[in-house]
Amino acid sequence: MSESQVIKAEESEKSENSENEEGQIFEKKEEEEEKAKDEKEEKKYTRPALKRRKSLYEGYEEKQEFFRPEYQFNVKDPIKEKMWELMDAYLPRDKLSIQKSIVTHIEYTLARTRFEIDNNYMFQGTALSVRDRLLEQWNDTQMYIRINNPKKVYYLSIEFLLGRLLQNALVNLELEDRYRDALMDFGVKLEEIYESENDPALGNGGLGRLAACYIDSLATLNYPAWGYGIRYEYGIFKQVIENFEQKELPDYWLTKGNPWEIIKLDLQYKVRFYGYCKDEFRNGKKVRVWRGGQEVLAIAHDTAVPGFQTFNCNTLRLWKAYPSEEFNFDEFNRGQHQGALESKDQASYISAVLYPNDSTLSGKELRLKQEYFFSCASIQNIVNRFRRMQLPWSDFPKYNTVQLNDTHPTIALVELLRILIDEYEVEYKDAFDIVLKTFNYTNHTVLPEALEKWGVDIFERLLPRHLELIYLINFYFMEECKKKFHEDWDKIGRLSIIEESFPKQIRMANLCVVASSHVNGVAKIHSGLVKTMLFKDFADMWPNKFTNVTNGVTPRRWVHCEFPELSALLTEYNGGKNEWLAELDLLEEVLDNVKKQGKMDEFIDKFKDAKLKAKLRLKEFVKKNCNLDIDETFMFDIMVKRIHEYKRQFMNCLYCIRRYLDIKKMSPGDREKINKRVTFFGGKAAPGYALAKNVIKLINMVANTVNNDNDVNKYYKVVFLPDYKVSSAQIIIPAADINEQISTAGTEASGTSCMKFVMTGSLIIGTRDGANIEIADSIGEDHIFYFGKTVNEVEKIRKEIANGKRGYVGSRLQECFDAIFNNRFGNTKFMHDYINGLINGGDFYLACHDFYAYMEAQEKVDKAYQDSKSWYQKCVEAICKMGFFSSDRAIQTYANDIWNITPLEVPKPSITKSGHLVSTGDLKHLGD
Ligand code: NBG
């Protein structure tokens, strides 16, 4: 956004305020109102200029000693005085100290000798040595937060798809080069050490990865924040391809231990399940209590989350379930060992496995247990932290704000209500008011099948008191609705938290909307649909509750770590400074300067070289993982994401078939003229999702035919990349020339890989859906290959389909279907029913309706790629205009518009030893 727009937006706010102050009422024409609304929208996307970042260590020598912040504590105890002194400086950052700390951990923590150190041990020693440094910052941050008592933000998410942590930590601590250098002396390459780390894959897809990007940005922007989730033992399954099919293997990601986590045995909470409710008298007052049932313990497993170029270091707190009592000794002594251990096992099941469902709900009791388990522990933790402050409950929302990442942690808001009412005897209305002001909800999908509902029967059994409270919330809410909508029972029925079906269901999304102060979607178009379709009735009632925060991704991982050559190039053209990594908007200035200085050609050439390196890395990856040779001079066309009908991998696969058939028909001379391509697919299908698994099988069978056909494979190849995950995404994404974002318009809430692709220099072929639209707005529509029906057109066609309209197939698509029907790629009978369904009218996701437009767009891609200079220029321009899609901007928007929270920057280390009794303000701070 330009400066003038920013000023305009500020002015509009001023004038709004003065209007209010003077109490004048203006009758605005509709047009003017529209304009004012637009301006307000604009303002939402304006963030205050951040303080320009720079390295914390700029201008200091390698051996410089840095001291830790001091607080005004009275240290009289001479023993403590000694300890205090010993702990007052940070670990030195010079090479020898780094080396010593690594080998010390290898010998004294890991108990390995000098003679048997492999890469794995080298990784662990290195990680532990990095963790020591994280802990210093972490302790200082937590201390500083305690002393200053700011408002805190809690991000509750059932998934955190972190990916590997070592490089991220080193980059954020500004230690990557020093560790590289230090390890070099041991004859070890840092990049090889990175490879030894297991991916903590505690998430399915975009939702979990978003949570991981957000905690990175929260720390980078110095917000006092906690991520809360579950410490699963098994992450998302490992995918292998056998006989063209997906096979799932368990992902026990802890085989090498987890050097990052700190188990806080003293931080444990009891979580109750089942049991019954009854009235009791407490100090003469009637109270409702929840008794009996089963108890498990939730124990905190913490991971430090460092920010980039800051000393702030936050906490990701994952809860692991343990039995609440040791096993039954009586039973054990009677020789019934198995029975005695049973309850122990049962408790640990709760946090054992991540549910592998993506977008579709598996209605298992264990899943609801997981949801309550981590919500309950997190709320207890938050409440305890607040109680230390000894403030009235009404102050709770002033100090705490909770973001619900989708509906999975919804029960947390009921838990807070329960604690306030049942344990602290707060009146219902006051308690609900506290809950309402504390909670906010992010919706991540409009697909009806993905909206969580729980049978009242399960709830009644598992969480009887919560069910009572949900009924109570709904009772008051229904009263409000009746006042507003009188006899409009349809509407009231739609609004109700309880769905009057058989069996009755609790609509978790409705509960979220009723009990949260803000509800946001994750891209403009999606937030629009949330307001006008999904929660229309609610939006009529509370229009101001609904807002948009377009997703973002962290450029630290998704540009710098995954594409070092590009990162170096951007830093070079930014005058040697990497501050753009914390302020991605800066790249726009970099681009302007490059253009002004007439260096565009040089910049493009260097980018091209960098892209080639990324493509070579993917080539090597394909050789290793698929035993297939690909040519890096081909155009790389990549589609990686969970396999789902709405994402339309099938339509892409049909296009692969079309391309194959076309090349096959050509003369050898004509073949030489075509744009050479490799189409890559990657992604997992939920184990119970038969269609998605069949699509994977079809892709692999088509790939097998194409790649083994000597008429074709010199010009075209198809690759299925197995076991798509964060670490492989970091190899795959930067290698793309073109990336596929081809969901049916209105179905992909946002998508985040599109952002990662464009940030690393590839162009989108895609529909007007999710974040594609805003990306096109930022980088220019001539930088994207748009195609396909728009949301409104999709709606219209769906209505026609419902009224019996048949889809248009046409000969070019029919030939593709025929190839499948005729077993051109082997026995593909498993797809016949599905295809027949599409042809006979059930094309709900418009794979056929959009196919011809898709084909045309692909032709445009081929043509554009031939003009290599203009292609790469577009890529470079697009990279530099992606500032808006940094997760830093997204978090800033949440902070301003939803959380109402300000940063708290931890004091930077001092270069002088300042004595004990100084306030933090007196310190001479680095970088100030
Ligand atoms: C997913 C959407 C994506 C979106 C991510 C993150 C769920 C339920 N939703 O489009 O499908 O990018 O959330 O917001 O996983």
Side-chain angles (χ1 to χ4, degrees), residues 155-161 202-215 217 229 236 354-362 367 371 403-410 440-453 508-509 512 519-530 534 547-554 558 639-649 683-686 689 692 726 729 739-758 764 766-775 791 845 885 887 890-891 893-894:
Y155 198 84
L156 267 58
S157 178
I158 203 158
E159 301 185 0
F160 283 90
L161 190 42
L202 312 186
N204 274 286
L207 177 147
R209 183 53 232 176
L210 188 78
C213 283
Y214 281 2
I215 57 173
S217 284
I236 176 91
L354 168 78
Y355 267 75
N357 54 301
D358 184 56
S359 306
T360 47
L361 175 76
S362 162
R367 170 75 168 194
E371 294 183 356
Q403 192 66 37
L404 301 173
N405 195 30
D406 219 327
T407 55
H408 319 121
T410 311
N440 304 291
Y441 156 56
T442 305
N443 171 279
H444 292 268
T445 181
V446 293
L447 297 188
E449 69 267 29
L451 291 176
E452 269 193 308
K453 286 178 195 169
M508 301 307 264
C512 279
V519 176
N520 74 286
V522 289
K524 254 189 194 169
I525 181 180
H526 169 238
S527 297
L529 293 171
V530 163
L534 190 64
T547 181
N548 172 55
V549 185
T550 300
N551 284 344
V553 301
T554 167
W558 297 108
M639 179 167 194
V640 278
K641 47 186 82 248
R642 289 301 296 264
I643 313 289
H644 206 292
E645 198 178 5
Y646 83 81
K647 295 180 190 274
R648 301 199 293 194
Q649 281 93 353
K684 296 175 184 177
Y689 191 171
V726 175
N739 68 91
E740 306 262 347
Q741 311 300 341
I742 59 176
S743 51
T744 318
T747 61
E748 188 70 273
S750 159
T752 40
S753 75
C754 47
M755 303 169 187
K756 298 163 195 167
F757 275 110
V758 180
I764 292 174
T767 44
R768 286 169 180 81
D769 198 20
N772 292 353
I773 301 175
E774 285 155 87
I775 294 178
V791 173
Y845 291 106
F885 301 95
S887 45
I891 286 301
T893 312
Y894 277 102

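Atoms within a ligand are numbered from 1 in the order they appear, just like the ligands themselves. Basis for what follows: all heavy atoms, side chains included, without hydrogens, waters or symmetry-related copies.
Looking at L207, N204, L210, it is L207 that brings a heavy atom closest to atom 15 (O) of ligand 1. Between G751, A211, A450, it is G751 that holds the heavy atom closest to atom 12 (O) of ligand 1.
In this structure, the side chains of N520 and N440 stay at 4.5 Å or more apart for every pair of heavy atoms.
For ligand 1, the atoms lying closer than 4.0 Å to a non-hydrogen atom of Y646 are 11 (O). Short contacts between ligand 1 and A749, defined as distances under 4.0 Å to a heavy atom of the residue, involve ligand atoms 10 (O).
Below 3.5 Å of separation, one finds an N or O of H444 facing an N or O of ligand 1. The distance criterion of under 3.5 Å between nitrogen or oxygen atoms is not met by V522 with respect to ligand 1. The shortest N or O to N or O distance between N551 and ligand 1 is below 3.5 Å.
Side chain to side chain, Q741 and T767 fail the donor-acceptor criterion of an N or O pair below 3.5 Å. Side chains of E748 and Y646: a donor on one and an acceptor on the other come within 3.5 Å.
Residues A745 and V791 share a closest heavy-atom pair of CB-N, 3.6 Å.
Here the OG atom belonging to S157 is positioned 8.5 Å from the CG atom belonging to D406, to the nearest 0.5 angstrom.
Considering T547, N443, N548 as possible partners of S527, the one that fulfils the side chain to side chain donor-acceptor pair (under 3.5 Å) test is N548.
Contacts between D406 and ligand 1, counted as non-hydrogen atom pairs separated by less than 4.0 Å, involve the side chain only.
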